[in-house]
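Okay, structure first, notes after.
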Number of protein chains: 2
Amino acid sequence: MLVVEDDPAIAELERRFLAREGFGVHLATDGDAALDAVRRLRPVAVVLDVGLPGRDGISVLTALRAADDWTPVVLATARDEEVDRVLGLEVGADDYVTKPFSPRELVARVKAILRRQDGRPRRLLEHGPVRLDLDRRALAVDGAAVELTPTEFNLLEALLATDGRVVTRAELMAEAWGQADYSGTRTVDVHVAQLRAKLGPGCPIETVRGVGYRLAGS
Amino acid sequence: MLVVEDDPAIAELERRFLAREGFGVHLATDGDAALDAVRRLRPVAVVLDVGLPGRDGISVLTALRAADDWTPVVLATARDEEVDRVLGLEVGADDYVTKPFSPRELVARVKAILRRQDGRPRRLLEHGPVRLDLDRRALAVDGAAVELTPTEFNLLEALLATDGRVVTRAELMAEAWGQADYSGTRTVDVHVAQLRAKLGPGCPIETVRGVGYRLAGS
DNA sequence: GCCGTCCTTACCGAACCCGAACACACGCCT
DNA sequence: AGGCGTGTGTTCGGGTTCGGTAAGGACGGC
């Protein structure tokens, strides 16, 4: 469970009530930290304040969903920011609470969401004989399981997510390594080679000379 | 099964999906008819719309519970009627869905409730040779009983509940320990080792390097 | 005070990532 | 056609991170 809230008093309140229900709670105080935390911690759900300094909640949510991350999100909006609520649901929030809210209500909302998403189908990325299970973090080629290292997995995920568009090495670095600027090393190439080896003869990863890589047309 | 809903289109939708699951479905379009139907038909469960004309859903539910009738009730509330949901649960609803909801979700919710309050609500988690009895807090592997300490039990329960999805150490901490934020200790690893030892050679707990653990198989 | 359970720490082996080095492919130019 | 430069494929060893495990101490129940 991740709570994103810049007011320390409110954050602590939320943390206490969620913890009492048995959730392990992490805190983040701004949008970038939140995105990073979701990536690293893979929380079961996120309570996201809309009125953050700098990168606001809506922006964070948009970034998450754009990255194909469907971690359940409860938005916390101020009473008069109705626009944000509507916008939030459109952008992919699972529910929202209006400040000021009772902690009990927040807890109830979070639990409801978790219940709702139980038994939800797994997130899968498929392309030809390749099937990547994001929830199990497992890969199958022609139905046979294939082991992947963490970076190989992230790389393949980044490639499959683009679904045919050309991806530069810099973009792949950013996607699979978190941010790290691509400073002219060959790291990406090496891992692509590894991936191709593991994917076998039907490997759909094509080289676009001078630009980067892309998936073969389905 | 009784569906109480004043919008004929929605009512019909619900009826069709519930019927497909083998439930005999009756309809009622207002609160008084609903109360009457519950008394006469004694349905196994009720799907109850909150926004009824005249006597509303909350009132119907209150009347039922006041008459010591504990027929399982799933409330259907509009998204912005947050008060009703909290109120409904306090008044004795067993669960609720938020409009607009998918019919499949409704069915799942109803089934969950029936399962929960089935004559023998003996909750079992099974996976391969492993069988975990949540009510007796007992574990059997290949039919042979195995003793578990409380933390080991919680840990295994958390793993089995996710059914193959990757679970981070932070999540396991949250699930099995109640709250404790995972601050970089190796506690989880140690207990996983214990578990593996007790589960024996056919142990389905796999390590996902850099992320966490998951169950083997499907 | 003994015993079981739990948490921490430390150590070791293994997996992994990176960067360099070398070999190869492609395309352009003459 | 052949040569050359640039960009890419692939291999390999060093250094680092990560997970398994064993041992020791803290805490609480009996």
Side-chain angles (χ1 to χ4, degrees), chain A residues 24 39-42 137-139 145-159 166-201 203-216, chain B residues 137-139 146-159 166-201 203-216:
Chain A
R39 261 197 110 85
R40 285 189 299 107
L41 302 171
R42 306 177 64 77
R137 268 186 107 72
L139 165 69
V146 176
E147 297 283 333
L148 288 183
T149 71
T151 28
E152 285 161 10
F153 185 93
N154 292 338
L155 195 56
L156 183 56
E157 181 182 354
L159 277 167
V166 181
V167 195
T168 68
R169 291 178 172 74
E171 285 171 337
L172 286 175
M173 263 269 176
E175 283 294 324
W177 276 261
Q179 38 102 342
D181 45 352
Y182 171 68
S183 45
T185 69
R186 306 286 314 287
T187 308
V188 175
D189 300 55
V190 174
H191 285 280
V192 167
Q194 289 282 345
L195 257 184
R196 290 211 246 237
K198 289 193 177 178
L199 289 181
C203 177
I205 303 178
E206 289 180 345
T207 305
V208 182
R209 197 181 168 82
V211 186
Y213 298 93
R214 77 159 164 238
L215 285 187
Chain B
R137 286 188 83 80
L139 165 69
V146 176
E147 296 286 329
L148 288 184
T149 70
T151 22
E152 285 160 10
F153 185 92
N154 291 338
L155 196 55
L156 184 55
E157 180 183 355
L159 277 167
V166 176
V167 193
T168 67
R169 291 178 172 74
E171 286 170 338
L172 287 174
M173 266 268 176
E175 287 293 326
W177 275 263
Q179 34 107 344
D181 42 358
Y182 173 68
S183 45
T185 68
R186 309 287 312 284
T187 309
V188 176
D189 301 53
V190 174
H191 286 276
V192 167
Q194 290 282 345
L195 256 184
R196 290 212 247 237
K198 289 194 177 178
L199 289 181
C203 176
I205 303 178
E206 292 180 344
T207 305
V208 182
R209 198 184 164 83
V211 185
Y213 297 93
R214 75 164 170 236
L215 283 188

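Here the structure is a predicted model, which means the values were calculated and not measured. Proteins get letters first, then strands, A, B, ... in listed order; numbering begins at 1 in each.
Residues that satisfy the salt bridge (charged side-chain N to carboxylate O under 4.0 Å, His left out) test with Arg137(A), not counting sequence neighbours, are absent from this structure. By the salt bridge (charged side-chain N to carboxylate O under 4.0 Å, His left out) test, Glu152(A) pairs with Lys198(A), sequence neighbours left out. For Val190(B), the side chain to side chain contact (heavy atoms under 4.5 Å, CB included) criterion is met by no residue, not counting sequence neighbours. Every residue two or more places apart in sequence or in another chain that forms a side chain to side chain contact (heavy atoms under 4.5 Å, CB included) with Thr187(B) is listed here: Met173(B), Trp177(B), Thr185(B), His191(B). Annotation: side-chain hydrogen bond (donor to acceptor under 3.5 Å, both in side chains) contacts of Gln194(B) (sequence neighbours excluded): none. Applying the salt bridge (charged side-chain N to carboxylate O under 4.0 Å, His left out) rule to Arg209(A) yields no partners; only residues at least two apart in sequence or on another chain are considered. Looking at residues two or more places apart in sequence or on another chain, you find a side chain to side chain contact (heavy atoms under 4.5 Å, CB included) between Arg169(A) and Tyr182(A), Val188(A), Asp189(A), Tyr213(A).
Here dA10(C) presents its P atom at 16 Å from CG of Asp189(B), a figure rounded to the nearest Å. Taking atom CD of Gln194(A) as the reference point, atom C1' of dG19(C) lies 14 Å away to the nearest angstrom. Spacing between atom CG of Leu155(B) and atom C1' of dC6(C) amounts to 13 Å, rounded to whole angstrom units.
Axis deviation across the helix from dG1(C)-dC30(D) to dT30(C)-dA1(D) amounts to 20°, comparing end segments of five pairs, rounded to 10 degrees.
Between the OG1 atom in Thr207(A) and the CZ atom in Arg214(A) there is a gap of 9.5 Å [rounded to 0.5 Å]. Note that CG of Leu156(B) and CG of Leu172(B) are 10.5 Å apart. Values are rounded to the nearest 0.5 Å. Atoms CG and OG1, on Leu195(B) and Thr151(B) in that order, are 9.0 Å from each other to the nearest 0.5 Å.
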With the criterion being N/O to N/O and under 3.5 Å, what pairs connect the protein with nucleotides 7-9 of chain C, and how long is each?
residue, atom, partner, partner atom, Å
dC7(C), OP1, Trp177(B), NE1, 2.7
dC7(C), OP2, Trp177(B), NE1, 3.2
dC7(C), OP2, His191(B), NE2, 2.9
dT8(C), OP2, Thr187(B), OG1, 2.6

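Interface residues of residues 205-212 of chain B facing DNA chain D, ordered by number: Thr207(B), Arg209(B), Gly210(B); criterion, heavy-atom separation under 4.0 Å.
Annotation: side chain of Leu199(B) is in contact with side chain of Leu139(B) (closest heavy-atom distance under 4.5 Å).
On the nucleic acid side, DNA chain D contacts chain A at distances under 4.0 Å to non-hydrogen atoms, with the end points of that region at dT6(D) to dT11(D).
A donor-acceptor pair under 3.5 Å links the side-chain atoms of Arg196(A) to the main chain of Ile205(A), judged by distance alone.
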